[in-house]
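Take a look at the structure below.
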Amino acid sequence: MSEHPAASAGFSLDVGREGSVTVLALRGSITTEHAEALEQRCAALIAEGSPRIVVDLSDLHYVNSAGLAVFIEAHRSCRDRGGRLVLSHPRDAIAQLLRVTHLDRLFEVFPDVATARRSLEAPA
Amino acid sequence: MKVPPDFGVDDAALAELVVPNDLHSAKEPERRIMQELDRHGYDPDTTFGIKLALEEAITNAVKHGNCGDPDRRIVVRYFIDPDRCVIMIRDEGEGFCPDQLPDPTAEENLERPNGRGIMLMQSYMNRVHFNPRGNEVWMLKERGSA
């Protein structure tokens, strides 16, 4: 029996640094059970002095409103520290979710990590 | 409350699960529903939307309807065939008025972390129907529809 990725429960994240920018690659599905841990990880990254974050969504198949709440809070937190949190390369379903929620008006969304990173590195 | 007549399903055909009021226990009805959707060959986009609406409804029931009370329960009823998916979620709370919620897509509300659940249910399902008390929600997704 096949299982669509969105129906699976697995979630993982990788943190990478490229210059002054942190790239947070999210994989799998973010459900409510993952949201708290993700929120804590984001808060720790920002507290460590990394308010320039690219969230790589290229391998994220599903997120619910609890996950969106984490993105929103991290976005605000980065902005309050003089940085930015941007999104990169969402899959079609996630891009549609951002449109439905109008969060595409809140978040800057880039087609790939390289473009997003250059945006964060550019002088203000 | 029985299934709304315009959902096109016989009430007796619905499966029913009663689970404790916590998100971990609610994984079982979700697993069964996802399994049925897969068995009937629902496409990934439709599955995504149904999963999202279901999780939002369950989260609302657990956290807001039942106020996180571990002594309360959630009732999940569902019916899935090749043409439609029907899901009902009921909590034991006092209910609420869904029409009185702020619009989460309004500019001034975009940075609010919460308050998107019902809007998502209404966006991804074809019909969303609350009972008058507001502690029971019926959702219909017609396969092949936008």
Side-chain angles (χ1 to χ4, degrees), chain A residues 1-11 28-39 42-43 57 60-80 84-85 87 90-109, chain B residues 22-28 30-64 68 85 101-125 146:
Chain A
M1 180 176 71
S2 64
E3 184 173 306
H4 184 257
S8 67
F11 171 65
S29 300
I30 301 176
T31 61
T32 309
E33 64 187 303
H34 307 117
E36 185 174 348
L38 178 58
E39 182 176 18
C42 288
L57 300 176
L60 185 70
H61 295 270
Y62 174 87
V63 61
N64 66 11
S65 65
L68 293 176
V70 174
F71 295 165
I72 293 168
E73 174 56 29
H75 176 269
R76 184 198 60 75
S77 186
C78 285
R79 187 188 61 214
D80 289 350
R84 285 157 59 202
L85 179 145
L87 308 180
R91 287 177 167 257
D92 288 349
I94 306 298
Q96 170 69 1
L97 178 59
L98 293 173
R99 286 190 293 272
V100 166
T101 55
H102 289 213
L103 288 175
D104 55 347
R105 302 207 311 256
L106 179 68
F107 293 107
E108 296 169 87
V109 183
Chain B
D22 62 81
L23 295 176
H24 179 74
S25 297
K27 283 295 180 185
E28 179 56 24
E30 178 174 338
R31 185 192 66 79
R32 294 190 190 191
I33 289 168
M34 292 296 111
Q35 190 172 60
E36 280 300 294
L37 293 174
D38 187 66
R39 188 169 74 84
H40 286 289
Y42 276 61
D43 65 276
D45 287 343
T46 303
T47 300
F48 179 102
I50 293 172
K51 175 181 169 74
L52 183 59
L54 172 61
E55 289 193 352
E56 299 299 333
I58 286 177
T59 297
N60 282 347
V62 169
K63 292 188 174 182
H64 304 299
C85 169
L101 298 175
D103 178 5
T105 65
E107 197 70 32
E108 65 270 20
N109 295 329
L110 287 180
E111 288 199 300
R112 288 190 178 192
N114 301 311
R116 293 178 173 80
I118 291 176
M119 181 275 292
L120 288 172
M121 289 154 58
Q122 292 170 332
S123 294
Y124 282 89
M125 303 298 276

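Just so it is clear, the model here is predicted, and its values are computed rather than measured. Below, chains carry the letters A, B, ... as their sequence lines are ordered, and counting in each starts from 1.
For the pair B/K63 and A/T32, the minimum side-chain heavy-atom distance is below 4.5 Å.
We find the CG-CG distance between A/L68 and B/L120 to be 7.0 Å, quoted to the nearest 0.5 Å. For the atom pair A/Q96 CD and B/S123 OG, the distance stands at 9.0 Å (nearest 0.5 Å).
Remark: B/A53 pairs with B/M121, B/M125, B/M139 by the side chain to side chain contact (heavy atoms under 4.5 Å, CB included) rule, at least two apart or across chains. In terms of the side chain to side chain contact (heavy atoms under 4.5 Å, CB included) criterion, residue partners of B/E28 (sequence neighbours excluded) are, by chain and number, B/R31, B/R32.
A side-chain N or O of B/E56 and one of A/S65 form a donor-acceptor pair less than 3.5 Å apart.
Residue-level contacts of residues 106-116 of chain B with chain A, in order of numbering, are B/A106, B/E107, B/L110, B/E111, B/R112, B/P113, B/N114, B/R116; threshold 4.5 Å between heavy atoms. Contact annotation for residues 73-80 of chain A against chain B (heavy-atom separation below 4.5 Å, listed by residue number): A/H75, A/R76, A/R79.
Within 6.0 Å of NE2 in B/H24 there are 12 or fewer heavy atoms belonging to other residues, nucleotides or ligands.
Note on A/L106, A/V100, A/V70: by heavy-atom pairs under 4.5 Å with chain B, the leading option is A/V100.
The shortest heavy-atom contact between B/F48 and A/H61 is CE1-O, 3.3 Å.
For B/L52, the parts sitting under 4.5 Å from any heavy atom of chain A are the backbone and the side chain alike. Using a 4.5 Å cut-off between heavy atoms, B/T59 contacts chain A through its side chain alone, with no backbone atom that close.
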Inset, instruction - Evaluate the side-chain contact (heavy atoms from CB on, under 4.5 Å) criterion for residues B/K27 and A/T31: first the C-alpha distance (whole Å), next the side-chain angles of each, then the deciding distance (0.1 Å), finally the verdict. - result: CA-CA 11 Å; B/K27 283 295 180 185; A/T31 61; 4.0 Å; yes
